[in-house]
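Each chain gets a letter, A, B and so on, in the order its sequence line appears, and its residues count up from 1.
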2 protein chains.
Amino acid sequence: MKDSELLEAYFKLGISVTVVLYGFDEGKLQVYIQKIRTNPYAGAWSLPGKLILPEEGLVEASEGIVKEVIGNKDIYLEQLNAFGKIYRHPLGRVVDVAFYGLINMPEDIKAQRTDKENKWVSVKEVPQLAYDHNDVLKLAGQRLKRRLVNRPIGFKLLPQEFTLTDLQQLYEEILERPLDKRNFRKKLTKLGILTAEGHEDTSNPGRKPRLFKFNQDKYNEYMEQGF
Amino acid sequence: MKDSELLEAYFKLGISVTVVLYGFDEGKLQVYIQKIRTNPYAGAWSLPGKLILPEEGLVEASEGIVKEVIGNKDIYLEQLNAFGKIYRHPLGRVVDVAFYGLINMPEDIKAQRTDKENKWVSVKEVPQLAYDHNDVLKLAGQRLKRRLVNRPIGFKLLPQEFTLTDLQQLYEEILERPLDKRNFRKKLTKLGILTAEGHEDTSNPGRKPRLFKFNQDKYNEYMEQGF
DNA sequence: TCAAAAGTGTTTCCCTTACACCCATGC
DNA sequence: GCATGGGTGTAAGGGAAACACTTTTGA
């Protein structure tokens, strides 16, 4: 091959972006999947994703995917890894760059995005997915666990105001182990990133829990020091 | 655009692989850089890397780069991130997938790879690099520091047999802070991944240090449990 | 007054940190 | 015998983990 031919040969790859989108509902960590409409994987479940155009950025593309699903792109989004395995695509080689995102999932989003071609499933009940998406999901799960213990990102999965019990259940679900209530609360209050906001008005039995808000300013202070 | 045209438009990207190759010499953490020969960056320093062909895997490509530099591909190699920023390349858009690798650098490799177009430089003296390679290097440095305190990978930068003083100096250099000798040794011996191997035969003044080897089996045991 | 969930302190243990002297060797 | 680098133990402090009862509320 001549040099010019070789150079042209390089620019024949596709790059896709895939997003593992996490939500928390009914006490379960859920992930959004959708059915593929085009061959060769038509009918199979997959993580949302798309091929990017030469002028699209990776972050912009993944935010676009998020926006398509939940109508809002301002969420916690972090790059995982590039997946270079050569999987079949009708037109050629695709390298996939995976992200994971955390959203607060009000009921309407879930309802709106649940039909024959879209759904949220518990991470423990994810079916076989197309491409290497089960591997992507596995990596995302590991990363999420690690982040959760090192940085206070759990809030991103909850509404603005939440109770400490909510938060603890979320941690227990994701880390897959029970946590001690007193130790959990001690740790959080010591971090100082929670602000009390009155009491929840439930009509549940039992004492009314206090509501808390996540204090973004304090969080930023910590982040600057690198935790 | 018709669907088929759109699909073709996707497959016009290039993917490159870049390797941050670390070595340890003269008490300094060093990184390998080389001069670019082709335009538009001809003459500028950069990290080693290359565009991949549609049939090349990411890992294979990065191992190939390592092999070109040191003649051996079996080293510690870990993916960093994909860098999607659109930087100019004569033929189009390139997304870069960066790796970092740790090698034991005997003198001959350094000598062999030091001339007008190739060199090892202390990470503290790295010049301006082409593309976004200074960003890549920054991320690699952060990752290396984090890994070093969480997993025993420091050995990968030393010869098979080494003294505890060597190892401590390596940690101090990379973490950029002094460590306590007794605490350092305590921690390592407690981990149990070091095997004593007799004494070094130096002609230095002072007591002869013991030599240690890294115990890969013990390390694997730890890794399975996730540390 | 009972059931259900919220809230609250203390002790133990282990890991981390700080700290100073003796030992072996070559010259 | 002295200069040089190698090697070792102990005490204090701080964070993580274990553990049980009281408070508030609605029915």
- Task: Write out all pairs satisfying ring-ring contact (aromatic ring centres under 6.0 Å, His included) with one or both partners inside residues 141-190 of chain B, taking only residues at least two apart or from two chains.
- Result: Phe155(B)-Phe162(B), Phe155(B)-Phe214(B), Tyr171(B)-Phe184(B)
- Task: Could you note down all residue pairs passing ring-ring contact (aromatic ring centres under 6.0 Å, His included) where residues 99-127 of chain A supplies at least one of them, sequence neighbours left out?
- Result: Tyr32(A)-Trp120(A)
- Item | Lys187(A) vs Thr165(B), nearer the 5' end of DNA chain D by closest nucleotide |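 By nearest-heavy-atom nucleotide position, the 5'-most residue is Thr165(B).
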- Gly206(A) or Asn183(A): which one's nearest nucleotide on DNA chain D is closer to the 5' end? Asn183(A)
- Query: Would you say the side chain of Arg185(B) lies within less than 4.5 Å of the side chain of Thr165(B), judging by non-hydrogen atoms?
  - Reply: yes
Gap between atoms [atom1] and [atom2], on [X] and [N] respectively (whole Å):
X: His199(B); N: dC23(C); atom1: NE2; atom2: P; value: 16 Å
X: Leu167(B); N: dG6(D); atom1: CG; atom2: C1'; value: 15 Å
X: Phe184(A); N: dA5(C); atom1: CZ; atom2: C1'; value: 16 Å
X: Lys190(A); N: dG15(D); atom1: NZ; atom2: P; value: 5 Å
X: Arg210(B); N: dT8(D); atom1: CZ; atom2: C1'; value: 12 Å
X: Lys186(A); N: dG14(D); atom1: NZ; atom2: P; value: 16 Å
X: Gln168(B); N: dG7(D); atom1: CD; atom2: P; value: 11 Å
X: Leu191(B); N: dC15(C); atom1: CG; atom2: P; value: 11 Å

- Task: Using distance alone, with no hydrogens and no angle criterion, decide if Asn220(A) and Asp217(A) have a side-chain donor and acceptor under 3.5 Å apart.
- Result: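 The answer is no; no qualifying pair exists.
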- Query: With Arg147(A), which residues qualify under salt bridge (charged side-chain N to carboxylate O under 4.0 Å, His left out), at least two apart?
  - Reply: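 Partners of Arg147(A) by the salt bridge (charged side-chain N to carboxylate O under 4.0 Å, His left out) criterion, ordered by chain and then number, come out as Glu78(A).
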- What residues, two or more places apart in sequence or in another chain, satisfy salt bridge (charged side-chain N to carboxylate O under 4.0 Å, His left out) together with Glu117(A)? Arg37(A)
- Message: Per the salt bridge (charged side-chain N to carboxylate O under 4.0 Å, His left out) rule, what does the pair list look like for residues 160-181 of chain B, sequence neighbours excluded?
- Response: Lys124(B)-Glu173(B), Lys145(B)-Glu176(B)
- Query: Of all of residues 171-182 of chain A, which get a heavy atom below 4.0 angstrom from DNA chain D, listed by number?
  - Reply: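 Within residues 171-182 of chain A, the residues near DNA chain D are Asp180(A), Arg182(A).
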- Message: Judged by each residue's nearest nucleotide on DNA chain C, which is more toward the 5′ side, Arg207(A) or Arg207(B)?
- Response: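 Going by which nucleotide is closer to the 5' end, it is Arg207(A).
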- Would you say Arg185(A) reaches dT8(C)'s phosphate, i.e. side-chain N/O to OP1/OP2 under 4.0 Å? no
